[in-house]
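Take a look at the structure below.
Numbers for residues simply follow the sequence, beginning at 1. Fair warning: this is a prediction, and the values are worked out from it, not measured in the lab.
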Amino acid sequence: MSLLREETALPKPLPVPVEFQLPDGWAPASSESIDAFDVAFAALHPHPDAGFAATITIDEEILASDVSLPDLADEAVQRLKQFAESLQVVDRRGVGPTDTPALVQRVLLTTAVQDELRELVQTQVYVPLASIEDPHTHVVIKLALTATRGQLPEILQEFEDFVRTVRPSTPEGQ
């Protein structure tokens with residue numbers, strides 16, 4: 001796994017620069033794919049399942065003081081409903097320390113991929129961070145794994161390992 005810094009790896013600048021390590025074999029998606037995903041960064045799994053390549057995506061958004069992590073998760077579900085034939089939130093829970101809890105949500109959806117209906121699983125992780133430049137500004141890093149049900153058991157641990165590597169960037173040499 002190699003360390004990727006936001007400054008060189010992400011085509012869309014983020015409010016809080018991040019660095020991370022992709023799991024072995026995963027490759028950054030093309031800028032056209034990233035635009036289609038409407039995220040800052042996307043990576044593709046090297047072994048598609050019946051033509052569908054699992055994806056890991058990264059995005060961030062500034063968190064308004066009146067918006068909670070569950071609110072963001074609800075918004076994500078509403079966006080997915082625009083593209084899904086069916087959708088079900090099967091898990092949502094807080095994780096991590098109580099002073100800076102993260103949120104994990106798992107969604108089952110059926111959607112058209114290359115003109116074929118696919119059953120997909122999306123695991124979303126919402127991680128709050130204080131901005132380095134303005135500690136009163138909070139940013140949420142949004143990480144997601146989208147995979148077929150068949151792929152999920154094989155790659156879920158890779159995604160969990162990836163999530164643990166995501167952190168704010170530090171200047172070189174620190």
(message) Assigning hydrophobic clusters by single linkage (Ile, Leu, Val, Met, Phe, Trp, Tyr; side-chain heavy-atom cutoff under 4.5 Å), is Val113 placed with Leu80?
(response) yes
(request) Output yes when Arg79 and Asp74 qualify as a salt bridge under the 4.0 Å nitrogen-oxygen rule, no when they do not. (result) no
(request) Enter the distance from Tyr126:OH to Asp59:CG here, rounded to the nearest 0.5 Å. (result) 10.5 Å
(message) Do Gln124 and Val107 make a side-chain contact, defined as non-hydrogen atoms from C-beta onward lying under 4.5 Å apart?
(response) yes
(request) Please answer: with hydrophobic residues joined when any side-chain heavy atoms are less than 4.5 Å apart, are Phe162 and Val18 in the same cluster? (result) yes
(request) For Asp71 and Asp66, work out which heavy atoms get closest and say how close. (result) OD2-O, 3.9 Å
(request) Report yes if some heavy atom in the side chain of Glu85 is under 4.5 Å from a heavy atom in the side chain of Leu117; otherwise report no. (result) yes
(request) Answer yes if Val95 and Phe159 sit in the same cluster of Ile, Leu, Val, Met, Phe, Trp and Tyr residues linked by side chain heavy atoms under 4.5 Å apart, and no otherwise. (result) yes
(message) When you compare the side chains of Asp161 and Gln157, does any donor N or O come within less than 3.5 Å of an acceptor on the partner?
(response) yes
(request) Kindly compute the distance separating OG1 (Thr123) from CG (Asp91), expressed to the nearest 0.5 Å. (result) 8.5 Å
(request) Would you kindly confirm whether Val125 and Leu156 end up in one hydrophobic cluster when ILVMFWY residues are joined by side chain heavy atoms under 4.5 Å apart? (result) yes
(request) Kindly compute the distance separating NE2 (His45) from CD1 (Ile155), expressed to the nearest 0.5 Å. (result) 5.0 Å
(message) Distance check, rounded to the nearest 0.5 Å: Glu119 atom CD versus Leu152 atom CG?
(response) 12.5 Å
(message) Just to verify, which of Val166, Ile56, Val163 counts as forming a side-chain contact (heavy atoms from CB on, under 4.5 Å) with Phe20?
(response) Val166
(request) May I ask you to test the Leu44-Trp26 pair for a side-chain heavy-atom distance under 4.5 Å? (result) no
(message) Between Leu69 and Pro128, is there a side-chain heavy-atom distance shorter than 4.5 Å?
(response) yes
Table please: side-chain donor-acceptor pairs of residues 140-147 below 3.5 Å, with sequence neighbours left out.
| from | atom 1 | to | atom 2 | distance (Å) |
| --- | --- | --- | --- | --- |
| Lys142 | NZ | Glu61 | OE1 | 2.9 |
| Thr146 | OG1 | Gln122 | NE2 | 2.7 |

(message) Quick check for you: to the nearest 0.5 Å, what is the distance between Gln105 atom CD and Leu103 atom CG?
(response) 6.5 Å
(message) Can a donor-acceptor pair be found, under 3.5 Å and without considering hydrogens, that links the side chain of Arg106 to the backbone of Val104?
(response) no
(message) If you compare all heavy atoms of Pro153 against all heavy atoms of Gly150, which two are closest, and at what distance to 0.1 Å?
(response) CD-O, 3.6 Å
(message) So Leu109 and Ser86, do their side chains get closer than 4.5 Å, heavy atoms only?
(response) no
(message) Any non-hydrogen side-chain atom of Phe52 less than 4.5 Å from a side-chain atom of Gln151?
(response) yes
(message) Could you check whether any side-chain heavy atom of Thr57 comes within less than 4.5 Å of a side-chain heavy atom of Phe41, counting everything from C-beta outward?
(response) no
(message) One pair to check against side chain to side chain contact (heavy atoms under 4.5 Å, CB included): Val89 and Val77. What are the steps and the verdict?
(response) CA-CA 8 Å; Val89 176; Val77 167; 3.6 Å; yes
(message) Minimum heavy-atom separation for Thr165 and Gln21, please, with both atom names.
(response) OG1-N, 2.9 Å
(request) Treat each ILVMFWY residue as a node, draw an edge where side-chain heavy atoms are under 4.5 Å apart, and state whether Val90 and Phe83 are in one component. (result) no
(message) Within this structure, what is the CG-CG distance for the pair Leu129 and Leu63, rounded to the nearest 0.5 Å?
(response) 11.0 Å
(message) Is the shortest side-chain heavy-atom distance between Leu87 and Thr111 below 4.5 Å?
(response) no
